[in-house]
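Chain letters run A, B, ... following the sequence lines, proteins first, then strands; residues in each count from 1.
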Protein chains: 2
Amino acid sequence: MTADDDTAAHLPAPGRRDILEAAATAFTRNGYAATTIDDIAREMGATKGRVYHYYRAKADVFLDIVTAGMQELIDGIEPIAGNGGLDPATRLWRMAHHHAGLMMTRNSFQRVAMRAVEMRRLGEAPAQQQALETVIAMRDRYEQIFADVIDEGREAGEFREVDSRLATKPLLGALNWISLWYDPQRGDYNTRQRLADEYADFIVGGLRRSPR
Amino acid sequence: MTADDDTAAHLPAPGRRDILEAAATAFTRNGYAATTIDDIAREMGATKGRVYHYYRAKADVFLDIVTAGMQELIDGIEPIAGNGGLDPATRLWRMAHHHAGLMMTRNSFQRVAMRAVEMRRLGEAPAQQQALETVIAMRDRYEQIFADVIDEGREAGEFREVDSRLATKPLLGALNWISLWYDPQRGDYNTRQRLADEYADFIVGGLRRSPR
DNA sequence: TTGACGACATACCGGCGAGTATGTTCGCCT
DNA sequence: AGGCGAACATACTCGCCGGTATGTCGTCAA
């Protein structure tokens with residue numbers, strides 16, 4: 001981090017930033033295949049030329065959104081997961097809380113990112129196909145971070161005896177689903193916090209050993 | 001319902017059955033917008049003519065799949081929810097278990113159904129748009145069935161103090177997410193049971209009042 | 001001052017795919 | 001035995017959309 005990047009270390013070039021934002025909302029609204037390049041341009045108050053000046057294909061725009069979204073997730077979670085000062089249950093709670101927050105505040109990006117993971121093919125171009133698999137790899141890394149914390153919690157006796165890798169499925173499923181029903185228009189900071197609290201409670205509760 | 005329908009009371013005409021099945025797998029593979037009518041036909045070993053003989057538009061095929069999927073869900077859950085002989089926690093456990101099972105065994109239909117709920121528009125035709133809202137209404141009814149059981153469980157002191165309607169979100173989110181990652185090719189009956197057990201445990205655990 | 005290049009807009013092309021129009025082949029009823 | 005309609009297949013149309021080619025306007029360096 002030198003003087004002034006716009007956000008993270010991973011640089012979305014200044015001209016591309018607007019395109020990604022517009023495309024994310026457009027994709028969120030109508031899905032990938034159904035949204036036109038003209039839709040994206042109109043969302044920015046521009047025309048096709050602008051988009052194709054920065055991107056060579058529609059799929060490239062999509063992939064940039066997805067990787068940005070995944071990177072946001074990873075960047076947010078890693079420091080929490082690695083904080084050895086906290087017991088695993090607390091860490092998991094905060095990870096879930098943060099993930100839930102991103103699903104709401106960064107809804108358009110995250111929703112597009114979620115959709116990418118369920119795609120098998122993106123087009124005929126093998127380069128794009130490989131990029132998609134890179135995204136899948138990021139998702140796997142991300143799941144593994146959760147799985148590791150769950151393992152720690154199980155070994156510490158806080159959690160039930162579960163296959164940690166498998167346990168991430170309902171956990172992240174519940175959280176990811178937020179991106180599908182949450183309306184980013186509605187809801188202030190407080191209601192978002194309350195929602196994230198509720199989700200984090202639910203998730204940690206689901207892994208805790210039974211009351212008796 | 002006269003003499004012999006093929007399955008439930010809600011009759012998918014004999015000729016349509018194959019189309020729905022083929023279309024469901026095609027939609028699951030490539031998404032709604034990206035799949036061609038020819039794709040669907042090829043999946044059946046037929047041609048466009050066959051599809052358009054039974055359906056007037058692509059969206060109609062889609063809607064039939066979705067409503068069938070939703071109906072499967074409702075039909076399976078209602079008798080469990082209404083079984084007063086069981087305490088709410090047990091009923092909820094079985095409901096979650098059954099829902100999880102459907103997400104696996106009827107993966108293609110359910111996955112398409114899930115995708116429909118996240119759609120805003122389906123096309124320009126207002127008739128289809130209204131049909132989509134009918135589906136949303138079915139989804140709401142379905143959520144309400146879960147919410148009612150959660151309320152009973154809360155009043156009986158089995159569950160935490162939660163907004164029942166809101167609590168269905170993480171619950172069904174976790175379950176619905178199965179349809180996105182589960183591969184119907186893999187997995188026998190036993191592994192599916194184990195998975196559904198795990199999910200049901202997780203969910204009921206997430207709602208139980210804390211250990212202390 | 002000019003000319004070269006970045007940052008777009010505009011005009012255009014080509015293919016694909018939803019929907020339609022038109023066969024063709026059966027079984028069934030009379 | 002003949003014709004009639006259901007159940008498809010085949011052939012065709014036509015608009016839309018991804019991508020490209022070309023034009024235009026500013027800005028900055030020499």
Side-chain angles (χ1 to χ4, degrees), chain A residues 6 11-27 29-66 112 116 119 121-129 131-132, chain B residues 6 11-27 29-66 112 116 119 121-129 131-132:
Chain A
D6 30 88
L11 50 152
R16 301 191 171 197
R17 170 63 73 178
D18 298 346
I19 297 178
L20 293 184
E21 215 76 36
T25 65
F27 287 151
R29 186 161 37 231
N30 291 335
Y32 173 71
T35 50
T36 307
I37 300 284
D38 294 288
D39 288 342
I40 299 174
R42 194 177 321 116
E43 181 75 28
M44 295 189 294
T47 68
K48 282 171 96 121
R50 177 117 169 245
V51 176
Y52 279 104
H53 181 69
Y54 292 96
Y55 286 97
R56 298 174 60 191
K58 181 179 167 184
D60 291 334
V61 180
F62 181 78
L63 286 170
D64 251 27
I65 295 176
V66 172
V112 174
M119 287 189 183
R121 302 175 357 199
L122 187 43
E124 314 309 325
Q128 293 167 351
Q129 196 59 33
L132 223 183
Chain B
D6 30 88
L11 49 152
R16 301 190 172 200
R17 172 61 78 178
D18 297 346
I19 297 178
L20 292 183
E21 215 76 37
T25 65
F27 287 151
R29 186 161 39 233
N30 290 334
Y32 173 72
T35 51
T36 307
I37 299 284
D38 294 289
D39 287 343
I40 299 174
R42 195 178 320 116
E43 182 74 28
M44 295 189 296
T47 67
K48 282 171 98 122
R50 176 120 169 242
V51 177
Y52 279 103
H53 181 69
Y54 292 96
Y55 286 97
R56 299 175 61 191
K58 183 180 168 185
D60 291 336
V61 181
F62 181 78
L63 286 169
D64 250 27
I65 295 174
V66 172
V112 174
M119 287 189 183
R121 304 177 355 199
L122 187 44
E124 314 309 326
Q128 292 166 353
Q129 196 60 31
L132 223 183

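One donor-acceptor pair, N or O on each side, does fall under 3.5 Å between the base of D/dG19 and the side chain of A/Lys48.
In this structure, the side chain of A/Arg50 does not engage the main chain of A/Ala41 through any donor-acceptor pair within 3.5 Å.
In this structure, NZ of B/Lys58 is placed 16 Å from P of C/dC16, rounded to the nearest angstrom. The CD1-P distance, from B/Ile37 to C/dC16, rounds to 17 Å in whole Å. Between the CZ atom of B/Arg50 and the P atom of C/dA18 there is a distance of 18 Å, rounded to whole Å. Here D/dC17 presents its C1' atom at 14 Å from CG of A/Asn30, a figure rounded to the nearest Å. The CD1 atom of B/Ile40 sits 16 Å away from the C1' atom of D/dC8 (whole-angstrom rounding). Atoms CG (A/Asp39) and P (D/dG18) sit 8 Å apart, rounded to a whole Å. The distance between atom OH of B/Tyr52 and atom C1' of C/dA21, rounded to the nearest whole Å, is 13 Å. Atom P of nucleotide D/dG18 and atom CD of A/Gln128 are separated by 13 Å, given to the nearest angstrom.
By the 4.0 Å N-to-carboxylate-O rule, B/Arg29 lies too far from B/Asp39 to be salt-bridged with it.
Annotation: cation-pi pair B/Lys58/B/Tyr32 present, NZ/CZ under 6.0 Å from the ring centroid and within 45° of its normal.
Of all nucleotides listed (D/dA9, C/dT10, C/dA18), C/dT10 comes nearest to the side chain of A/Thr47. In this structure, the nucleotide among D/dC17, C/dA18, D/dT10 sitting nearest to the side chain of A/Thr36 is D/dC17.
Distances shown here put a side-chain N or O of A/Tyr54 below 4.0 Å from the OP1 or OP2 atom of C/dC8. In terms of phosphate contacts, B/His53 brings a side-chain nitrogen or oxygen within less than 4.0 Å of OP1 or OP2 of D/dA7.
Map B/Gly15 and A/Ala33 each onto its nearest nucleotide of DNA chain D; the residue landing nearer the 5' end is B/Gly15. Between A/Asp38 and B/Gly45, it is B/Gly45 whose nearest contact on DNA chain D lies nearer the 5' terminus.
Between B/Leu20 and B/Tyr55, some side-chain heavy-atom pair lies under the 4.5 Å cut-off.
Using a 30° and 60° split on the angle between ring planes, B/Phe62 and B/Phe27 fall in the perpendicular class, above 60°.
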